[in-house]
Chemist: 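Sharing a structure with you now.
The basis for the numbers below is simple: all heavy atoms, side chains too, and nothing from hydrogens, waters or symmetry mates. Letters A, B, ... mirror the listed sequences (proteins, then strands); counts begin at 1.
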There are 2 protein chains.
Amino acid sequence: MATIEDVARRAGLSRTTVSRVINEHPYVSITKKKKVMEAMEELGYVPNSAARSLRNQRTGVIAVLIPRVMNPFFSQLIETLEHAASESFHQLIICQTQYSAKKELTYLNLLKTKQVDGVILTSAENDWSVIEEYLDYGPIVLCNEFEERANVPMVFMDQKEAGYKATKHLIEMGHRKIAYCCGRYRSNVASAREEGFSKALAEAGLVFDERDAFREAITSEDGIDIFNSIRTRGSNRPTAIFTGSDEVAAGIVSEAARSNWSIPRDLAVTGFDNQVITELMNPRITTVEQPVCEMALKTMEVMMARIRLRQFTGREMHKFYMKLIIRESTKMQAELARIPY
Amino acid sequence: MATIEDVARRAGLSRTTVSRVINEHPYVSITKKKKVMEAMEELGYVPNSAARSLRNQRTGVIAVLIPRVMNPFFSQLIETLEHAASESFHQLIICQTQYSAKKELTYLNLLKTKQVDGVILTSAENDWSVIEEYLDYGPIVLCNEFEERANVPMVFMDQKEAGYKATKHLIEMGHRKIAYCCGRYRSNVASAREEGFSKALAEAGLVFDERDAFREAITSEDGIDIFNSIRTRGSNRPTAIFTGSDEVAAGIVSEAARSNWSIPRDLAVTGFDNQVITELMNPRITTVEQPVCEMALKTMEVMMARIRLRQFTGREMHKFYMKLIIRESTKMQAELARIPY
DNA sequence: CTGTTAGCGCGTTCAT
DNA sequence: ATGAACGCGCTAACAG
């Protein structure tokens with residue numbers, strides 16, 4: 001491996017001059033600059049990043065913590081985050097917490113060990129008081145996740161509004177008994193959605209039956225189970241279900257078809273995230289679209305600012321809003337056709 | 001930030017002793033070891049990884065290059081790879097090439113800059129002759145991708161067999177005119193599948209009509225387009241289609257339902273990868289299952305060996321085999337029911 | 001404009 | 001069993 005020293009010798013100059021060329025410093029004569037470039041070329045020289053990090057006290061790397069890459073919402077987020085990062089000449093490293101608090105801490109340690117300049121947290125597994133301590137070592141930005149007590153930037157969607165509007169839509173479609181379904185219980189995201197759901201119900205004078213709550217639904221298989229538990233229930237079944245995940249919704253729709261239920265007639269279903277699968281199912285699934293790209297861009301913008309200013313603490317809220325996409329899983333085709341566009 | 005020096009002072013010992021404790025070196029008395037541990041605890045000391053990398057000439061990080069995290073085949077691969085890496089006390093960094101040759105080179109440069117100890121390549125975008133040069137800087141292991149000329153370890157599935165067996169299944173179901181569909185043209189993976197496809201056709205005395213070839217199909221939307229191009233073709237339509245992607249297959253099945261075609265009666269469809277969606281579509285989709293976990297484990301095992309031995313070149317083939325999963329998109333439900341299990 | 005020098009934090013001889 | 005000293009490769013004063 002060629003080092004900066006080798007390049008300097010070959011060019012007949014000092015390390016400093018070579019370093020200046022690398023870092024596009026002014027005050028280097030054209031001729032010497034050219035000499036250095038040639039030497040670098042000939043030796044196939046590339047700066048050693050560990051040495052640079054050590055010297056500069058920064059790595060140019062940002063960690064994004066997500067639960068799992070297989071979750072399409074998060075992988076879509078990553079797509080945009082990465083693009084934005086490279087625009088700012090930073091690299092992204094993607095860390096999967098697998099919903100494990102311990103793994104999350106392992107990755108937060110990247111800040112301590114100086115392997116990354118900042119951490120983007122999309123779904124906190126640990127209590128905020130635990131996470132907060134890492135702010136001594138670098139900036140943390142919450143994206144998607146939010147936390148009342150947190151003294152850091154937060155970029156998130158109004159989840160309460162999402163729960164509210166989707167549920168209100170179901171009510172407008174004539175449903176009076178609506179089931180609720182979300183992923184892990186203790187997430188702020190889930191509880192905000194539930195608030196919105198309850199608010200819509202309350203406004204319509206409806207009651208929320210705890211038997212209609214499913215709070216551990218993540219996969220399409222969970223959706224299948226939920227459908228069957230509804231189907232086999234004798235009387236007093238819900239006629240609609242709000243879900244916090246397109247995959248779960250797809251599982252419900254799929255299993256409903258196999259049981260010869262007609263959707264939305266026998267059961268109306270809403271999903272969440274507007275993933276590809278919602279358009280492939282039959283009927284297509286009504287869903288909540290999140291402004292993922294805008295959120296990702298804002299997140300990176302805020303992160304860059306924090307890194308630049310070395311300002312790790314300080315609350316900052318950036319709220320985004322959803323869009324309800326109405327399809328056949330909640331509205332009869334005939335009704336949809338009547339909508340002018 | 002506390003450094004090793006701070007810890008040494010606090011413990012009233014030398015840096016060397018502290019370093020020995022950190023690296024679990026023998027020849028440190030119990031008492032002093034305890035003292036060091038205490039000092040580290042009190043100061044919240046964490047070793048600086050840049051300094052360690054610089055000194056040790058290794059980072060403990062491995063890069064995995066994949067086209068996109070949103071592709072479920074690759075994200076599943078990553079799940080297992082990451083698990084295996086952490087078992088070997090290594091970290092994984094996930095790099096998306098976005099099918100861009102230029103981006104791929106950017107990431108291969110991580111080897112040159114010593115940011116990673118090795119690179120796992122799952123889908124090569126550049127010609128092998130270009131990639132080969134990076135072998136001067138660290139080990140490269142091909143996983144999923146393969147390349148006749150490559151002098152590195154390759155872990156892959158027999159794609160030709162997959163194309164052959166899936167196609168043979170369609171022939172056994174009575175089809176005589178079968179369409180072929182794959183992703184990007186110039187991939188070795190795709191061409192091996194096509195070889196198998198052609199072989200099955202040839203054995204049955206069937207001809208491969210170029211009008212039945214679709215070679216740019218990646219997304220479910222591509223599947224929709226393909227279905228419509230088949231549907232609107234007047235006569236001489238294929239009665240079955242082999243695809244190299246479950247998403248494309250799902251697009252076809254979905255659009256077929258909307259056009260009131262009956263699958264598999266009007267068109268039989270096979271997918272690839274056994275993704276969740278194949279079980280959610282109606283009918284469920286026949287597909288090829290790859291031994292993803294086994295391949296990931298072998299890949300990491302081989303990578304660790306190469307890193308340990310500092311042996312970057314040397315061909316090594318690890319071939320794995322597929323499993324055909326037959327469902328209703330190729331076989332009438334009545335027929336499937338007759339299969340004993 | 002250019003070179004000399006002094007660390008960044010750590011691990012490892014080589015002494016003792 | 002412990003410590004002193006060197007250098008991994010790079011950049012930023014400082015001096016010219």
Side-chain angles (χ1 to χ4, degrees), chain A residues 1-37 39-40 43-61 109-117 137-138 310, chain B residues 1-37 39-40 43-61 109-117 137-138 310:
Chain A
M1 275 307 305
T3 74
I4 199 171
E5 180 76 51
D6 301 330
V7 176
R9 261 203 303 275
R10 177 143 195 144
L13 293 162
S14 74
R15 291 206 310 258
T16 310
T17 307
V18 177
S19 173
R20 287 199 174 113
V21 172
I22 294 168
N23 296 291
E24 292 173 337
H25 214 77
Y27 308 141
V28 181
S29 70
I30 301 286
T31 47
K32 309 224 163 171
K33 183 168 180 175
K34 203 172 270 173
K35 260 191 179 170
V36 170
M37 301 287 254
M40 295 203 308
L43 294 170
Y45 168 77
V46 172
N48 178 314
S49 66
R52 300 187 89 174
S53 299
L54 181 58
R55 176 65 234 220
N56 293 331
Q57 305 284 35
R58 36 167 248 90
T59 62
V61 179
N109 255 309
L110 295 173
L111 273 182
K112 283 197 185 178
T113 60
K114 299 288 175 202
Q115 288 184 79
V116 303
D117 295 341
Y137 307 99
R310 288 184 184 69
Chain B
M1 274 306 305
T3 74
I4 199 172
E5 179 76 50
D6 301 330
V7 177
R9 260 203 303 274
R10 178 148 196 138
L13 293 162
S14 75
R15 290 207 314 257
T16 312
T17 306
V18 178
S19 172
R20 285 199 176 112
V21 172
I22 293 169
N23 297 290
E24 292 174 338
H25 213 77
Y27 307 141
V28 181
S29 70
I30 300 285
T31 46
K32 310 223 163 173
K33 183 166 178 174
K34 204 171 270 174
K35 262 191 178 168
V36 170
M37 302 287 254
M40 295 204 305
L43 294 170
Y45 169 77
V46 172
N48 178 313
S49 66
R52 301 187 89 175
S53 299
L54 182 57
R55 176 66 236 226
N56 294 331
Q57 305 285 36
R58 36 166 247 90
T59 62
V61 179
N109 255 310
L110 294 173
L111 273 182
K112 284 197 185 179
T113 60
K114 299 288 175 202
Q115 290 186 76
V116 301
D117 295 341
Y137 307 99
R310 288 185 182 70

Chemist: Whole angstroms only, please: what is the CG-P distance between B:N48 and D:dC10?
Modeler: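 Atom-to-atom, B:N48 to D:dC10, this comes out as 17 Å.
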Chemist: Nearest to the side chain of A:Y27, which nucleotide is it out of C:dG9, C:dG11, C:dC1?
Modeler: C:dC1
Chemist: In this structure, how many angstroms lie between the C1' atom of D:dG9 and the CG atom of A:L43, rounded?
Modeler: 15 Å
Chemist: Taking 4.0 Å as the cut-off, does a side-chain nitrogen or oxygen of B:T17 come that near to OP1 or OP2 on D:dG3?
Modeler: yes
Chemist: Can you tell me the distance, in whole Å, between the CD atom of A:E5 and the P atom of D:dC10?
Modeler: 10 Å
Chemist: For D:dT11, does either OP1 or OP2 sit under 4.0 Å from a side-chain N or O belonging to A:Q57?
Modeler: no
Chemist: With side chain to side chain donor-acceptor pair (under 3.5 Å) as the rule and sequence neighbours excluded, what pairs involving residues 19-30 of chain B come up?
Modeler: B:S19-B:N23, B:N23-B:R52, B:S29-B:T31
Chemist: Checking contacts here: which listed nucleotide (D:dT2, D:dC10, C:dT2) is nearest the side-chain heavy atoms of A:V28?
Modeler: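 Shortest atom-to-atom distance from the side chain points to C:dT2.
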Chemist: Just the table, please: protein N/O against nucleotides 12-14 of chain D N/O, every pair under 3.5 Å.
Modeler:
{"from": "D:dA12", "atom 1": "O4'", "to": "A:R55", "atom 2": "NH2", "distance (Å)": "3.2"}
{"from": "D:dA12", "atom 1": "N6", "to": "A:T16", "atom 2": "OG1", "distance (Å)": "3.2"}

Chemist: Using a cut-off of strictly less than 4.0 Å, decide whether B:S14 has a side-chain nitrogen or oxygen near OP1 or OP2 of D:dG3.
Modeler: yes
Chemist: Could you state the NZ-C1' distance from B:K33 to D:dA1, rounded to the nearest angstrom?
Modeler: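 B:K33 atom NZ is separated from D:dA1 atom C1' by 14 Å.
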Chemist: Taking any heavy-atom pair under 4.0 Å as a contact, classify A:P26: base, sugar-phosphate, or nothing.
Modeler: nothing
Chemist: B:L13 CG to D:dA4 P: how many Å, rounded?
Modeler: 11 Å
Chemist: Examine the side chains of B:Q115 and B:T113 and answer whether a donor and an acceptor come within less than 3.5 Å of each other.
Modeler: yes
Chemist: Using a cut-off of less than 4.0 Å, is there contact between a side-chain N or O of B:S53 and OP1 or OP2 of D:dC8?
Modeler: no
Chemist: Would you say a side-chain N or O of B:K32 is under 4.0 Å from OP1 or OP2 of D:dT2?
Modeler: yes
